[in-house]
Amino acid sequence: MEILEQTPTRLSLRFRPWGIWISGLFFIFIGLPINLIFFLPLSKTNTFSCERIEKNQGNCQLKTSFLLFYQIKNIDLDKLQRAKIDLIKNNSTEKQRVILITTEGEQYFPILLTYHPNIKAFELKAIIAEINDFIKDKNQPYLKVQEGKAEWIGWFICVGLIYVIITLGFWSEVITCCFDKNHGVLIKTRNWLILKRKIEHPLVDIINVEVQETRTRYGQCYRISLVLASGKHLHLTEFSTYDYVSKDKIQKEVNIIIDFFEIGNKNLN
């Protein structure tokens, strides 16, 4: 809590969600790169499809997809000869990819990221067998094979990132509370970047101030709450501070508000 103004008739306080901001920075600089580097590329897929018009005529297409982005290569069926696996050695690692042999040269399947090379090799062998069987079988009208089955991971990560960003944006509001005895009103202003919402409440309805204590699976958390004559509570912040901020510190902040209202009972439990 930050005191912006403190006079006998006016008390202005500002609350910043430092814990949420730190969590947001952790997500931006650690969580986000991990997802983008290690998991998002898993959603990339290669799809090879052919449609046979006549025995030796037709159209084939190699499509590499990544979320909403894709790249397409067209190949005439009469120019397609066979498919094989290409082994790429780089230092201590080995990567495999599919090569399409045509009369005009070789067409490569882009290399996809995998953390299971044995399963990957088995998948590529199955793709090669299906393509070569289609080339040999002149009566087979259609072929479609796909390398990479995890395109849902990319969408799942994107939806998750959007949800986290919206949640952090909502809970990262800066709140300013102005207690004004001259006008007999509490003005609570909630700021989200370019958005602002102002709420007014009569001071006469406030009969006490207390520390609201809640236990969660992450630990003990606190927030300052105004007790109204109706028995309801008006929270100064929508977010809570966890037990890395001591209850005594929160209590001192509460006592500042109590002194302003000159409420006699300071024993708040």
Side-chain angles (χ1 to χ4, degrees), residues 23-53 58-135 140-170:
S23 299
L25 290 175
F26 178 85
F27 169 76
I28 291 172
F29 291 106
I30 297 179
L32 184 59
I34 288 175
N35 280 281
L36 294 179
I37 295 172
F38 294 102
F39 297 108
L40 193 59
L42 291 173
S43 63
K44 191 174 182 180
T45 61
N46 292 322
T47 304
F48 182 70
S49 60
C50 289
E51 183 177 4
R52 194 186 301 274
I53 300 173
N59 300 309
C60 297
Q61 187 180 82
L62 174 58
K63 182 178 180 180
T64 301
S65 304
F66 180 65
L67 298 179
L68 297 176
F69 306 97
Y70 60 87
Q71 182 180 11
I72 294 176
K73 294 180 182 179
N74 295 309
I75 303 171
D76 294 332
L77 179 57
D78 59 340
K79 297 177 181 178
L80 183 62
Q81 295 179 326
R82 65 187 179 92
K84 69 174 186 178
I85 293 180
D86 182 33
L87 182 63
I88 302 174
K89 294 184 178 181
N90 184 11
N91 296 329
S92 60
T93 62
E94 292 184 353
K95 295 181 180 180
Q96 294 180 329
R97 63 179 175 181
V98 175
I99 296 181
L100 302 174
I101 309 299
T102 71
T103 57
E104 296 182 344
E106 298 177 340
Q107 296 286 348
Y108 300 91
F109 276 42
I111 297 176
L112 303 185
L113 177 65
T114 180
Y115 297 114
H116 303 283
N118 293 333
I119 298 176
K120 180 74 171 181
F122 179 81
E123 179 188 8
L124 294 184
K125 288 179 181 179
I127 290 174
I128 294 296
E130 286 192 58
I131 295 175
N132 289 331
D133 288 344
F134 175 78
I135 295 173
Q140 186 176 342
Y142 186 74
L143 169 71
K144 184 176 181 180
V145 292
Q146 180 173 306
E147 177 192 1
K149 310 292 184 183
E151 61 267 25
W152 61 271
I153 292 179
W155 293 111
F156 179 79
I157 292 175
C158 288
V159 172
L161 292 177
I162 293 172
Y163 173 78
V164 170
I165 291 172
I166 292 175
T167 302
L168 287 174
F170 178 78

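Both backbone and side-chain heavy atoms feed into the values below; hydrogens, waters and symmetry mates do not.
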So, for [X] and [Y], which heavy atoms are closest and what is the spacing to 0.1 Å?
X	Y	answer
Leu80	Cys60	CD2-SG, 4.2 Å
Leu67	Cys158	CD1-SG, 3.7 Å
Tyr142	Ser49	OH-CB, 4.1 Å
Gln96	Ile85	CB-CG2, 4.0 Å
Ala83	Ile128	O-CG2, 3.5 Å
Gly148	Gln146	O-NE2, 2.8 Å

_Reference residue Phe109; test side chain to side chain contact (heavy atoms under 4.5 Å, CB included); the match among Thr47, Thr64, Leu62, Asp86_ = Leu62
*Of all residues at least two apart in sequence or in a different chain, which pass the salt bridge (charged side-chain N to carboxylate O under 4.0 Å, His left out) check with Glu106?*
none
*Kindly write out the residues that satisfy salt bridge (charged side-chain N to carboxylate O under 4.0 Å, His left out) with Glu147, not counting sequence neighbours, or none if the list is empty.*
Lys120
*Backbone N or O of Ile135 within a donor-acceptor pair of the Arg82 side chain at under 3.5 Å?*
no
Donor-acceptor contacts, no H, no angles, side chain residues 69-78, under 3.5 Å, sequence neighbours left out:
none

*Go through Ile34 and Phe27 one step at a time and tell me if the side-chain contact (heavy atoms from CB on, under 4.5 Å) criterion holds.*
CA-CA 10 Å; Ile34 288 175; Phe27 169 76; over 6 Å; no
